[in-house]
Amino acid sequence: RRVHGYWSGILLSIVGEYQSTTDQLKNAFVMREHFDRALALNPSPNGTCYHVVGMWCFTFADMSWVSRKAAAMLFASPPTSTYDEALKFFLLAESVEPNFYVKNA
């Protein structure tokens with residue numbers, strides 16, 4: 001299985017906890033690229049693969065307008081997503097691996 005792209009994205013997320021907000025925002029775009037590339041290259045992704053993309057989408061969909069504007073003024077424009085996009089990936093995770101993650105159910 002080709003899951004290295006997911007791990008690259010996940011590791012960027014972990015490293016981001018120790019970086020500046022600007023670097024975290026820049027890496028968020030790179031994380032999504034890794035996740036998307038991994039999904040494109042993996043003919044049969046598991047639930048976790050879809051779940052991490054759903055979490056990424058949810059994080060940026062859940063960002064308030066005030067936080068988004070403040071980040072854009074002080075650091076860099078954050079990525080955008082929607083709750084519908086996050087839900088799509090959470091449902092895909094459940095469809096390929098039912099009950100794999102309790103928080104999805």
Query raised in the report: Is the shortest heavy-atom distance from the side chain of Y50 to the side chain of L39 under 4.5 Å?
Result: yes
Report task. Report the residues that fulfil ring pair (Phe, Tyr, Trp, His ring centres under 6.0 Å) with Y83, sequence neighbours left out, ordered by chain and then residue number. Result -> F58
Report summary line: When every non-hydrogen atom of P45 is compared with those of N42, the smallest separation belongs to CD-O, 3.4 Å
Query raised in the report: For N99 and E94, which heavy atoms make the closest approach, and how far apart are they?
Result: N-OE1, 2.9 Å
Going by atom type alone, with no hydrogens or angles, which donor-acceptor pairs under 3.5 Å involve a side-chain atom of residues 68-77 and a protein atom two or more places apart or on another chain?
{"residue": "R68", "atom": "NH1", "partner": "P79", "partner atom": "O", "Å": "2.8"}
{"residue": "R68", "atom": "NH2", "partner": "F60", "partner atom": "O", "Å": "2.6"}

Query - Pairwise distance SG(C57) to CG(D84) - rounded to 0.5 angstrom - result: 10.5 Å
Query raised in the report: Can you name the side chain to side chain donor-acceptor pair (under 3.5 Å) partners of S95, sequence neighbours left out?
Result: none
Query raised in the report: Can you tell me how far CZ of R37 sits from CG of L41, rounded to the nearest 0.5 angstrom?
Result: 7.5 Å
Query raised in the report: What are the two closest heavy atoms between E97 and G47, and how far apart are they?
Result: OE1-N, 2.9 Å
Query - Worked verdict on F90 versus H51 for ring-ring contact (aromatic ring centres under 6.0 Å, His included) - result: CA-CA 6 Å; F90 290 142; H51 180 79; 5.3 Å; yes
Query raised in the report: For V30, does its backbone N or O pair with a side-chain atom of N27 as donor and acceptor, under 3.5 Å?
Result: no
Query - Distance, nearest 0.5 Å, that separates CG of L92 from CG of L87 - result: 9.5 Å
